[in-house]
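Report on one structure; see the data block that follows.
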Number of protein chains: 2
Amino acid sequence: MSGLVVDSRETNSGIPAMLRRSGVEFVTEELAAGDYRIGNILIERKTGVDLFQSIYDGRLFPQAELLCQHAERPFLLLEGDIRAANTNMVEDALPGAVSALSIFWGVQVLWMPDSASTASLLRCMVRHSTEGLGYEVPLRVKKPKLSAAPDGALPQFLVEGLPGVGAETARALLRHFGSAKAVFAAAPEDLRKCAGVGPKTASAIDAALRHQPTAFRSTRAAPDR
Amino acid sequence: MSGLVVDSRETNSGIPAMLRRSGVEFVTEELAAGDYRIGNILIERKTGVDLFQSIYDGRLFPQAELLCQHAERPFLLLEGDIRAANTNMVEDALPGAVSALSIFWGVQVLWMPDSASTASLLRCMVRHSTEGLGYEVPLRVKKPKLSAAPDGALPQFLVEGLPGVGAETARALLRHFGSAKAVFAAAPEDLRKCAGVGPKTASAIDAALRHQPTAFRSTRAAPDR
DNA sequence: TCTAACGCCTCTTGA
DNA sequence: TCAAGAGGCGTTAGA
Ligand SMILES: [Mg+2]
Ligand SMILES: [Mg+2]
């Protein structure tokens with residue numbers, strides 16, 4: 001996917017320089033909307049002062065509008081101590097603005113404490129959207145290791161993966177059927193014979209085991225669009 | 001449209017109380033995913049500590065997956081000085097997580113400085129999504145397009161419980177055998193036909209599935225001695 | 001999340 | 001066809 005484009009007016013924020021220093025490649029252009037573009041992502045960066053100024057003179061929503069016209073995934077990236085910048089507006093101005101931006105325009109509103117963090121975030125977003133994460137994310141983490149785990153740890157862990165099955169039920173199932181393999185092979189009627197498994201859990205288990213997945217979320221490579 | 005539903009476990013955050021005080025109506029339920037639901041919007045709220053804890057024990061992405069399964073518009077609402085909560089993790093973990101959630105899961109990430117602002121934000125979101133802004137805005141909603149949540153998460157989760165099997169191998173096994181049930185029923189020789197499974201992994205898997213545990217570590221009752 | 005270390009798998013080589 | 005070795009990839013652990 002396409003790389004990073006930085007709006008020429010962002011130069012004096014110091015962020016482009018930080019990006020360059022950390023080896024991020026980008027081109028500088030005058031963007032019609034937003035400050036940073038990464039593929040279909042378009043980011044408007046604002047300090048607290050910028051933000052309240054925009055709210056004050058009614059430019060915030062038109063700007064969001066513009067952002068939406070130029071990209072599918074609009075972001076507002078707030079930077080620094082936002083609340084301190086609100087000198088003469090009601091407290092609810094911030095939540096109100098964020099709510100409207102997110103609900104009506106689909107704008108994501110992020111916050112970073114300073115411009116160095118903003119640069120890190122941009123660096124990450126560029127990497128993720130051009131190269132992906134580099135691996136598929138594991139859904140199950142902290143497995144009991146085979147050696148030096150108590151006798152029933154691994155089978156219990158396996159069986160606990162079933163929907164509606166926690167530690168108690170997992171043990172009950174294992175006692176009843178003997179092994180994880182047997183549990184996984186059991187018919188729903190037989191599962192129900194085990195304490196803690198009712199009709200709902202039994203059919204959820206059966207469905208989970210039989211389900212033939214067709215698609216997995218991929219994080220290894222850059223997302224398509 | 002529909003009103004606000006609050007997860008019962010959010011009660012002690014103080015936010016439901018604030019909402020009630022400011023006259024927002026809501027019902028309390030145990031939500032399967034997320035903390036607040038407004039129509040097709042589902043919001044998971046996290047403080048900095050929550051966030052890093054979730055990253056640390058690998059629950060963040062599975063949670064995001066769940067969020068995506070339960071709503072068309074998944075939100076992550078970060079609260080407070082997030083970065084300050086990162087005590088012992090690589091600095092890039094925060095931007096990395098935010099970027100990944102947004103890019104790969106299509107989660108809309110928002111930020112509010114504190115829980116009072118969160119309450120205001122929720123109040124605004126309820127109002128905005130049920131009544132509109134209340135005044136005329138140049139409205140051009142462009143929905144961020146979310147790819148439909150893939151259906152492989154649960155089977156992958158189950159199969160990943162096997163020793164030596166991570167995200168990659170779990171998917172390979174599921175593609176090869178079709179369902180978790182089939183994977184768990186497979187003979188070691190057949191497991192080996194699958195990329196990523198050699199003799200060691202195959203027999204470790206077989207052993208884990210066949211093993212008949214005799215003892216479980218019990219924490220329910222006081223230890224015997 | 002990222003980073004680093006480790007272990008396993010696969011493929012190639014060579015006989 | 002088999003055995004051995006190098007290299008790459010995937011899994012794990014730790015922060
Ligand atoms: Mg700007
Ligand atoms: Mg929460």
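Convention: sequence-line order gives letters A, B, ...; per-chain numbering from 1.
A salt bridge links B:E168 to A:R220: one of the charged nitrogens lies within less than 4.0 Å of a carboxylate oxygen. With salt bridges taken as basic N to acidic carboxylate O contacts below 4.0 Å, none links B:R192 and B:D206.
Atom CZ in B:F52 sits roughly 12 Å away from atom C1' in C:dC2 (whole-Å rounding).
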- Kindly determine whether B:R45 and B:D50 satisfy salt bridge (charged side-chain N to carboxylate O under 4.0 Å, His left out), including the steps that lead there. CA-CA 9 Å; B:R45 166 183 161 271; B:D50 291 345; 5.3 Å; no
- Message: For A:Q63 and A:K46: C-alpha separation, side-chain torsions, deciding distance, then whether side chain to side chain donor-acceptor pair (under 3.5 Å) applies.
- Response: CA-CA 12 Å; A:Q63 247 180 323; A:K46 280 195 192 305; 3.1 Å; yes
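Of the listed residues (B:V126, B:D7, B:L42, B:I15), just one forms a side-chain contact (heavy atoms from CB on, under 4.5 Å) with B:Y36, and that residue is B:I15.
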For residues 170-177 of chain A, which side-chain donor-acceptor pairs fall under 3.5 Å, sequence neighbours excluded?
residue, atom, partner, partner atom, Å
A:R171, NE, A:Q156, OE1, 3.1
A:R171, NH1, B:R217, O, 2.9
A:R171, NH2, A:Q156, OE1, 3.3
A:R171, NH2, B:R217, O, 2.5

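At the heavy-atom level, B:T201 lies under 4.0 Å from the strands shown only through sugar-phosphate atoms. Within the 4.0 angstrom heavy-atom criterion, only backbone atoms of the sugar-phosphate kind lie near A:L133; the bases stay farther away. In this structure, A:V141 reaches neither bases nor backbone, as no heavy-atom distance under 4.0 Å exists between it and the strands shown.
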- Message: Does the protein touch nucleotides 9-15 of chain D at the base, only the backbone, or not at all? Give it as B, S and - per nucleotide, heavy atoms under 4.0 Å.
- Response: -SSSS-B
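Residue B:R192 has its side chain nearest to C:dT10 when only C:dC2, C:dT10, C:dC9 are considered.
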